[in-house]
Asker: 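Here it is: the structure, laid out below.
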Protein chains: 2
Amino acid sequence: MRRPTLEAVAARAGVSRATASRVVNGQTTVAPQIRDAVLRAIDELGYVPNPAARSLVTQRTDSVALVVSEPPTRVFSEDPLFSTVIRSASVELETVNKQVVLMLASSASSHARVERYIAGGHVDGVMLISMHGADPLPAALSRLRVPVVSYGRPAVPVDIPYVDNDNVGGAELAVRHLVAAGRRRIATIAGPQDMIGGQDRLTGYRTVLRDSDRRSIVAVGDFTRESGAVAMRQLLGDDPDLDAVFVANDLMAVGALQSLRQAGRRVPDDVAVVGFDDIEAAQYTEPPLTTVRHPVVEQATAMVRLLLGLFEGGPADPVILPTELVVRESA
Amino acid sequence: MRRPTLEAVAARAGVSRATASRVVNGQTTVAPQIRDAVLRAIDELGYVPNPAARSLVTQRTDSVALVVSEPPTRVFSEDPLFSTVIRSASVELETVNKQVVLMLASSASSHARVERYIAGGHVDGVMLISMHGADPLPAALSRLRVPVVSYGRPAVPVDIPYVDNDNVGGAELAVRHLVAAGRRRIATIAGPQDMIGGQDRLTGYRTVLRDSDRRSIVAVGDFTRESGAVAMRQLLGDDPDLDAVFVANDLMAVGALQSLRQAGRRVPDDVAVVGFDDIEAAQYTEPPLTTVRHPVVEQATAMVRLLLGLFEGGPADPVILPTELVVRESA
DNA sequence: CCCTTTCGAGAGAGCGCTCTCTCAGCCGAC
DNA sequence: GTCGGCTGAGAGAGCGCTCTCTCGAAAGGG
């Protein structure tokens, strides 16, 4: 009781296997009545092409890997960003009938697995989400002669086209907003300095502060809520008179708000807070969080398009998307 | 400049293709020195087996589909549950060297796509996450003669083994806690009644209220934060004297807390609140949310094991995991 | 009316692998 | 010394599909 093959379809329709194949693949050089006969046979037999046989000869698989190269327990489940990227990329790939193979590359052993898998030709291309500077995967994959694109600029210089948002510009937007509101002592909770987002957002902060003749007050977190709370306490200890803080992502900003509340500071009256990312939760904090929005969905979509472009021999130029300040009540 | 084939490996090692294949697949009937010669050839050539050719003959693909059958915009990105399930399932499948193909089946057209894909034999089995009663996918997939398991009991009776938590028992735990605390007017914000979780949690609530001689006060939400806020306002309108509310999931509970705050009710002094799910955010609400925890990671892991068991001809019995009350400050 | 062009359909050679069948060689046993 | 059994290796048939090449027939031009 096997599945019907193209051979069976051809036999039933009274044509050759080649002709049946032509119909299945939508070639136009088939006479209408023959085409109909084949389609009828396909329908009656419930024929579905065998993808393994097909990709054996075409050398294509019509699926792409989405590699999330982060310790999954920490980032993946907590940060809604990942779900959004995965969802948007899936939706976009669906439109061109390609599948997403999801791979989590957390440990060194899974790195090896991913490499082997990609090298095996299971997929036509790779979308890589990796923010850590120390990550060896971008370099390893770029050596594999498989089309690779990255969500976010790779932290190490490597020849992979990427789609990113304007982290520096976004941070500048945020800090300029605080300056314009007359804040004098503007601190920042920076992200990890081995991540591009962490670096660039700190750069933006520094640039604006320098230009507006203010002193920088920096604490460093690791993009988790908890680290934001800790960093905020530290900042308050370092400079009890600070009147604003730019936090490099919303998750840490939520933690910072918590610490400010515990320290008896009113937001925004005593301390103004601006975050970065505009995650869902930013709307529901007390008070609602002013933050820098970057177009996650568009970025994911652009990444998919970039990869599809690569398949066709298109250009491999990075794409940078603009950011936007969303003013709520926290600043 | 093609990739090396098994033929090339065999030639270099001076053996037949069959012997090279034996080495690659770890068969023991190969003499040590020949085995070493083959391994050396593999290493020198950088040989990686072609998965399409292999699965053409073995009829296996070593990958499984994870089908998320929900309108993705609404549930997927907002509910951290999904990320956790996806992550846990991926990690578990990694241990047996199988890949996850992620498929979002939101619209009718994507349902068809998923069906075609599964029918095409792209994957060895399917893990289905579908909570909606009206969803035709579980029934469709169960007809396909492919091993299928479900995360959560399918809403329509269909012959698919599943892994679920004890929704009824969990709700009873929550409501009994409120009764024990001396609450008299215990309302509930139920989930959608076309979802199993929605139904069962309401059943649990009703059972305990009946047994403890209290009147039930019900509003229905759709598991989103927003709907929780709306339902809470409605409940306060219906019965301003209510002193407790059991909310069928944490996301709605967060919305409910917001409405309670806006209505000037203190939690838990005026109104006690118990949620369900124990999502990350439950720890960070004002006040921290008392809720029913169910083991999401374990459930996902059990689902994978169930599917792997099916591959080996194992039993197809549903698995029900216990729930646990996490007491924080809201009740 | 014949030859060339075009169009539609078939034949058949692979794609790279697994796996059964076959067989050579070597051992021990009678 | 011969024979049976067993181990290790090769030959070769497919898995189901695509795609080039070939060819017949119909159509059009000289």
Side-chain angles (χ1 to χ4, degrees), chain A residues 1-42 45-63 97 116-117 119-124, chain B residues 1-42 45-63 97 116-117 119-124:
Chain A
M1 185 51 206
R2 296 186 93 78
R3 286 172 39 197
T5 69
L6 194 56
E7 189 79 54
V9 171
R12 186 176 190 104
V15 300
S16 73
R17 201 173 60 247
T19 302
S21 174
R22 287 190 186 99
V23 173
V24 169
N25 293 296
Q27 289 188 23
T28 50
T29 64
V30 181
Q33 69 272 23
I34 294 203
R35 156 183 227 87
D36 287 349
V38 173
L39 288 176
R40 208 175 318 118
I42 286 173
L45 294 173
Y47 170 77
V48 185
N50 181 322
R54 176 177 277 172
S55 78
L56 181 57
V57 37
T58 59
Q59 310 275 27
R60 285 185 299 101
T61 62
D62 284 333
S63 58
N97 241 306
R116 224 179 314 123
Y117 188 79
H122 279 91
V123 292
D124 298 340
Chain B
M1 186 51 206
R2 298 183 92 77
R3 284 171 40 195
T5 71
L6 194 57
E7 189 79 54
V9 171
R12 186 177 191 102
V15 299
S16 73
R17 199 172 61 248
T19 301
S21 175
R22 287 187 187 100
V23 173
V24 169
N25 293 295
Q27 289 188 23
T28 50
T29 65
V30 181
Q33 69 274 25
I34 294 203
R35 157 184 227 87
D36 287 348
V38 173
L39 289 176
R40 207 175 319 119
I42 287 174
L45 294 173
Y47 170 76
V48 185
N50 181 322
R54 174 177 280 172
S55 79
L56 180 58
V57 36
T58 59
Q59 311 276 27
R60 285 183 299 100
T61 62
D62 285 333
S63 58
N97 241 304
R116 223 179 315 123
Y117 188 79
H122 278 91
V123 292
D124 298 339

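All chains are named by letter (A, B, ...) in the order of the sequence lines, taking the proteins before the strands, and each is independently numbered beginning at 1. Every heavy atom of this structure was used, including side-chain atoms; hydrogens, water molecules and symmetry mates were not.
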Asker: Can you find a pair of side-chain heavy atoms, one from Leu39(A) and one from Arg35(A), that are under 4.5 Å apart?
Answerer: yes

Asker: Between Pro49(A) and Leu6(A), is any pair of side-chain heavy atoms under 4.5 Å apart?
Answerer: no

Asker: Go through the steps to decide whether Arg12(B) and Leu45(B) satisfy the test side chain to side chain contact (heavy atoms under 4.5 Å, CB included), and finish with yes or no.
Answerer: CA-CA 9 Å; Arg12(B) 186 177 191 102; Leu45(B) 294 173; 3.8 Å; yes

Asker: How does each nucleotide of nucleotides 13-23 of chain D score, in 5' to 3' order, for protein heavy atoms under 4.0 Å: base (B), sugar-phosphate only (S), or none (-)?
Answerer: B-BBBBBB---

Asker: So do the side chains of Arg60(A) and Ser55(A) get within less than 4.5 Å of each other, counting heavy atoms only?
Answerer: no

Asker: Just by distance, no angles: are the side chains of Ser16(B) and Thr19(B) close enough, under 3.5 Å, to form a donor-acceptor pair?
Answerer: yes

Asker: Are Val24(A) and Arg54(A) packed together at the side-chain level, in the sense that at least one heavy-atom pair is separated by less than 4.5 angstrom?
Answerer: yes

Asker: Between the axis at one end of the helix from dC1(C)-dG30(D) to dC30(C)-dG1(D) and the axis at the other (five pairs apiece), what's the angle to 10 degrees?
Answerer: 50°

Asker: Would you check if Asn97(A) and Asp62(A) make a side-chain contact, meaning some heavy-atom pair closer than 4.5 Å?
Answerer: no

